[in-house]
Amino acid sequence: MKQNVQNQQSQSPQKGNPLVGFFWGILIVLFLNWLIFPNLGNRQIVPTDYGTFIEKLEAGKIKEVMIKSNQIYFTAEDGEGENVTYQTGEINDPQLVDRLLNASSPNPNGKISFNQIVPQENSPVLNFILLWVLPGLLFFLIWKYAAKSMQAKMGAGGNFMSFGNGGAKIYADDSIKTTFADVAGQNEAKEMLTEIVDFLHNPKKYLEIGASLPKGALLVGPPGTGKTLIARAVAGEAKVPFFAISGSEFVQMFVGMGAAKVRDLFRQANEKAPCIIFIDEIDAIGKRRDTGFGSNDEREQTLNQLLTEMDGFDGRKGVVILAATNRPESLDKALLRPGRFDRRIQMELPDLEGRKAILSVHLKKVKHETVDLDIIGRATAGSSGAELANIVNEAALRAVRMGRTSVTTADLEESVETVIAGAQKKGKIISTEEKRLVAYHEIGHALVAAMQTHSAPVHKITIIPRTSGALGYTMQVDNNEQVLMSKEDLFNRIVTLTGGRSAEEIVCQTVTTGASNDIEQATRLARAMVSRFGMSDKYDMMGLETVNNAYLGGDTSLTCSSDTASDIDREVLRLIKEAHEKARNIISDHLDIMHKAATFLLEKETITGEEFMAIVQAQTEKS
Ligand code: ADP
Ligand code: MG
Ligand code: ZN
């Protein structure tokens, strides 16, 4: 990486690292310690008591005595003529000196050599240095170091790169292998991006006519729809340098650094043109500037810099900016105006064909037998590309677990359920009575679904518990993908959701907690019908709720007065009650089917939609 040399606040050559100074400090302290404390070499010191000392003294074994800060260190001969150094506490013994003078010793002159070391008072100068100058010096050095690195990070042009923050990652021409072939479906997006690829390949064609390419394209869509993937594919197709950076990387601790990074990114891009800049998750810096509590100076500065840079560069030079977000509504309007991100590329959740295509792209990466893509595609309505990729991988893992060498349709089906409802929980023990309740609950859903028009056919019913906590579930799979939902469709869905609870009530004369998820879903649907879809007579086409971020969970907020809000609740309740009543009627009218199917389900634990429909058919013909 290039080091910026023309740093304006050029400083005198760096004097040693402050850390080195710190270690010097420690060394000095150690040295002073060594001065103050007695140098006993590295002889081993054996602690002992005063009595032993006197004993050895009287036995004439002691060669040397040293008294220091209330401790007596003495060296004596042990049995084998070796010298051992002992340590003992000093006792106020006035005759000690006499004893030492009179005692005999193995020393050649027969005398014990002894002395006392008086703890030295540090000189006032030394004290001053130790207590005041040294710490002060340390703090000064640390402060200077911090200040300098901060200055460098904020300095004009900033040589921040030398501090290891790194600029945008630079990919060489051929380092990106992703192509449009890796992105399944998303044909509209690909079409729009093909133009950009073509421009980067031969700009002459466009320049002759006087057209300049859109400077920026914004990829918008729910998480996991392949935004990041397709941006890489554009670079792979165009075979130009690709600068990929995530929006959050711009937001730094120090104000001004983000802006410096943007400047640096565009400078590099200009040098490498034609090339692509890709800013992933741009909402991290591109959020509207006026909203929110407490403005974020750093983010705003970064955004302003980005806007300026986008205006500043020549569109004909061949620098294309791609950005991705799943929160387009939160972006600053200035970003979206023509001349900046003027092209918006929508990445939607895949439809049936799209899902099949994505599945087959990912199935190419694993060994598999002929797989019924249609079944899997239909069972995964609403899944994103990332989820589908995950499903294929889970299936491959399952195949390995089962000791097989290739993936089958059954593996895929099972992994779809694993992704939807969690893994099977075979070990869980459920009492017979509970099993019976679960079976009736699930058959209740299935029967209500089967007895209504405008309702997706039942695909599978199971009472094998799942790790997600579901004790069983009924899977419905639509034959064809519905884009529009009518009022009847939605209402029938609510009826189906209340079917489980209705079965508990009618057949088992009880209610259980098993319906909590049904209740949640039914309420959400009913509320949406009233407040967003204009499907109640009372509120006609009045919008009472808005969706906050369509791509992320889609939570809503009310746009009506609190009076109306409580009235909405009443309306929702009315809808749900009506649906519940309908479900109860269906079940009461077909109790024979309920018993027959539930018995069959209890026996098999998992039954297919066809098996269930056969029972339904047989019973209706009988009656
Ligand atoms: P996003 O950026 O939109 O959140 P990604 O591009 O990171 O989503 O997609 C995550 C993964 O999902 C990809 O790496 C890829 O494996 C898979 N994926 C998503 N969409 C597609 C698609 N259209 N075709 C093939 N794979 C896809
Ligand atoms: Mg992404
Ligand atoms: Zn249920």
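Read the numbers this way: they start at 1 and go in the same order the structure lists the ligands and their atoms. Nothing fancy with the numbering, it's 1 onward along the sequence.
The only member of T496, D518, T474 that meets side chain to side chain donor-acceptor pair (under 3.5 Å) when paired with H445 is D518.
The closest non-hydrogen atom to atom 14 (O) of ligand 1, taken over L229, V361, T325, comes from L229. Nearest residue to atom 22 (C) of ligand 1 from A184, G226, G385, A181 is A184 (criterion: closest heavy atom).
Side-chain contact check for D372 and T409: no donor-acceptor pair (N or O, by modelled atom type) lies under 3.5 Å.
Restricting D518 to its N, O or S atoms, the one at the least distance from the Zn ion (ligand 3) is OD2.
The protein heavy-atom contact nearest to atom 12 (O) of ligand 1 is A386 CA, 3.1 Å.
Identified under the ring-ring contact (aromatic ring centres under 6.0 Å, His included) test for residues 488-521, with sequence neighbours left out: none.
The T228 neighbourhood of ligand 1 comprises atoms 2 (O), 6 (O), 7 (O), with distances under 4.0 Å to a heavy atom of that residue.
Summarising the geometry, atom CZ belonging to R401 is positioned 7.0 Å from atom CD belonging to E394; distances are rounded to the nearest 0.5 Å. Summarising the geometry, atom CG belonging to D411 is positioned 8.5 Å from atom CD belonging to E414; distances are rounded to the nearest 0.5 Å.
For E442, every N, O or S atom stays at 2.8 Å or more from the Zn ion (ligand 3).
The angle subtended at the Zn ion (ligand 3) by NE2 of H441 and NE2 of H445 is 100°, given to the nearest 10°.
Under 4.0 Å from ligand 1, not a single heavy atom of M347 appears. If you look at N326 next to ligand 1, there are no close heavy atoms at all, none under 4.0 Å.
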